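Beneath this line is the structure, given in structure tokens, with notes to follow.
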Amino acid sequence: MKYTSSTTEVPDAPAVPRHVAIIMDGNGRWATKRFLPRVAGHVKGVEAVRTVVESCARRGVEYLTLFAFSSENWRRPEEEVSLLMRLFVTALEREVSKLHANNIRLRVVGDLSRADEKLQGMIAAAERKTAANTRMTLTVCFNYGGRWDVMQAVGQMVKAHPGATDFTEEQLAPHLAMAYAPEPDLFIRTGGEQRISNFLLWQLAYTELFFTDTYWPDFSAECLDEAIASYQHRERRFGRTGAQLAEKTS
Ligand code: IPE
Ligand code: IPE
Ligand code: MG
């Protein structure tokens with residue numbers, strides 16, 4: 001299926017967001033508030049992932065994208081980075097069969113060359129196993145950065161059009177890491193910060209943004225419903241006037 005680009009055509013605005021993208025932030029602060037090590041927050045965060053995957057699938061969301069590790073998170077203390085890597089391996093070991101049983105397709109996007117061989121192998125196996133599943137696509141962004149994505153896409157695009165010097169958005173878009181998905185309808189960031197932190201820079205052009213102070217480990221089905229309800233009250237104009245929209249729907 002080919003999806004509409006929000007800048008070259010006016011896309012539809014589904015009542016239930018077709019694609020939800022989440023920056024899962026606040027694990028460390030959740031733990032610190034409880035006098036626990038930051039790692040306890042990351043462990044608890046995996047539980048929240050399970051809840052949100054299930055809730056999104058139930059609500060008919062077709063694509064759920066989760067920011068798990070950014071290209072800048074390598075700047076953290078070595079101990080925390082290695083723990084996050086181990087946690088990712090454990091989560092894959094434990095969760096992939098459940099995802100498969102629930103007809104959920106798993107994709108992992110980002111610069112995977114920095115993941116160790118074991119992890120790369122596990123990711124490839126998990127993607128292969130769940131490739132034909134149709135209920136929902138869960139994308140985990142790992143060592144992902146919006147700028148990395150645009151740059152790798154530019155590189156591929158240039159190679160695909162030898163000698164060309166002028167390019168269009170339509171030529172770039174198929175090379176983005178998540179070209180298989182429509183642009184996100186709803187973006188959620190937990191943990192109180194109101195920034196994009198180098199997440200999906202290109203794809204968020206017309207996404208509705210929702211920020212909540214809730215720390216990621218506390219994110220529940222109710223929090224998801226609150227975000228979806230907020231989304232449903234937005235007027236998605238894609239550059240047009242409100243009057244034009246009213247005319248279309250009357
Ligand atoms: C998000 O929580 C998880 C990752 C970035 C891997 P944080 O670890 O950033 O938690 P805070 O923002 O320090 O509370
Ligand atoms: C964004 O959170 C990345 C992930 C949730 C994976 P950060 O905690 O790294 O973002 P900043 O540093 O507060 O912008
Ligand atoms: Mg953070």
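Remember, it's 1-based here, ligands and their atoms both numbered in the order they're listed. Computed from a prediction, not measured in an experiment: that's the story for all the values here.
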Between [X] and [Y], does any side-chain donor sit less than 3.5 Å from a side-chain acceptor?
X: His42; Y: Asn27; answer: yes
X: Trp74; Y: Asn143; answer: yes
X: Arg189; Y: Ser197; answer: yes

Side chain or backbone of Lys33 under 4.0 Å from ligand 1, or both, or neither, by non-hydrogen atoms?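 It is neither; nothing of Lys33 touches ligand 1.
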Can you list the steps and then say if Gln203 with Asp149 is a side-chain hydrogen bond (donor to acceptor under 3.5 Å, both in side chains)? CA-CA 10 Å; Gln203 298 88 337; Asp149 196 1; 3.2 Å; yes
Could you tell me the residue and atom name of the protein heavy atom closest to [atom], and the distance to it rounded to 0.1 Å?
atom: atom 1 (C) of ligand 2; answer: Ile23 CG2, 3.8 Å
atom: atom 5 (C) of ligand 1; answer: Arg76 NH2, 3.4 Å
atom: atom 2 (O) of ligand 1; answer: Asn27 N, 3.2 Å
atom: atom 14 (O) of ligand 2; answer: Ser197 OG, 2.6 Å
atom: atom 7 (P) of ligand 1; answer: Asp25 OD1, 3.5 Å

For the Mg ion (ligand 3), what is the closest N, O or S atom on Asp25?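 The closest N, O or S atom of Asp25 to the Mg ion (ligand 3) is OD1.
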Nearest neighbour of atom 13 (O) of ligand 1 from the list Arg38, His42, Arg29, on a heavy-atom basis: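 Among Arg38, His42, Arg29, the closest heavy atom to atom 13 (O) of ligand 1 comes from Arg38.
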Minimum non-hydrogen distance to atom 9 (O) of ligand 2, winning option of Leu84, Leu66, Asn73: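 It is Asn73 that holds the nearest heavy atom.
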Met24 and ligand 2 - part of the residue with a heavy-atom distance under 4.0 Å: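 Under 4.0 Å from ligand 2, Met24 contributes backbone atoms alone.
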Report the part of Phe69 in contact with ligand 2, treating N, CA, C, O as backbone and CB onward as side chain, heavy atoms under 4.0 Å; options are side chain, backbone, both, neither.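 Looking at Phe69 and ligand 2, just backbone atoms fall under 4.0 Å.
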Thinking salt bridges, do [X] and [Y] make one under a 4.0 Å N-O criterion?
X: Arg50; Y: Glu47; result: no
X: Glu193; Y: Arg29; result: yes
X: Lys44; Y: Asp218; result: no

Check whether any heavy atom of Gly191 sits under 4.0 Å from an atom of ligand 1.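 Gly191: no contact with ligand 1 (<4.0 Å).
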So is Ala68 close enough to ligand 1, meaning a heavy atom under 4.0 angstrom away?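 Yes.
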For the 3.5 Å polar cut-off, considering only N or O atoms, please tell me whether Glu193 and ligand 2 meet it.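 No, no N or O pair falls under 3.5 Å.
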Heteroatom distance test (Arg189, ligand 2): nitrogen or oxygen, under 3.5 angstrom: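 Yes, there is a polar N/O contact under 3.5 Å.
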Does some non-hydrogen atom of Arg75 fall short of 4.0 Å from ligand 2?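 It does not; every heavy atom stays at 4.0 Å or beyond.
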Looking only at heavy atoms, what is the nearest atom pair of Ala15 and Gln232, with distance?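 Shortest heavy-atom contact: O-NE2, 3.0 Å.
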What residue among Arg75, Arg76, Arg86 forms side chain to side chain contact (heavy atoms under 4.5 Å, CB included) with Val81?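 With Val81 as partner, Arg75, Arg76, Arg86 yield a single side chain to side chain contact (heavy atoms under 4.5 Å, CB included), made by Arg76.
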Give the intermediate values and the outcome of side-chain contact (heavy atoms from CB on, under 4.5 Å) for residues Tyr3 and Tyr180. CA-CA 8 Å; Tyr3 292 110; Tyr180 54 85; over 6 Å; no
Does any N or O of ligand 1 fall below 3.5 Å from an N or O anywhere on Trp30, backbone included?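 No; every N/O pair is 3.5 Å or more apart.
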Can a protein heavy atom be found under 4.0 Å away from atom 11 (P) of ligand 2?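 So atom 11 (P) of ligand 2 has protein heavy-atom neighbours under 4.0 Å.
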I need the atoms of ligand 2 closer than 4.0 Å to a non-hydrogen atom of Arg195, numbered in the order shown.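 Ligand 2 atoms under the 4.0 Å threshold to Arg195: 11 (P), 13 (O), 14 (O).
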What's the verdict on ring pair (Phe, Tyr, Trp, His ring centres under 6.0 Å) for Tyr144 and Phe69, showing C-alpha distance, side-chain angles and the deciding distance? CA-CA 7 Å; Tyr144 179 89; Phe69 192 87; over 10 Å; no
Could you check whether the rings of Phe187 and Phe199 sit parallel, tilted or perpendicular, using 30° and 60° as the cut-offs?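 Phe187 and Phe199: tilted rings.
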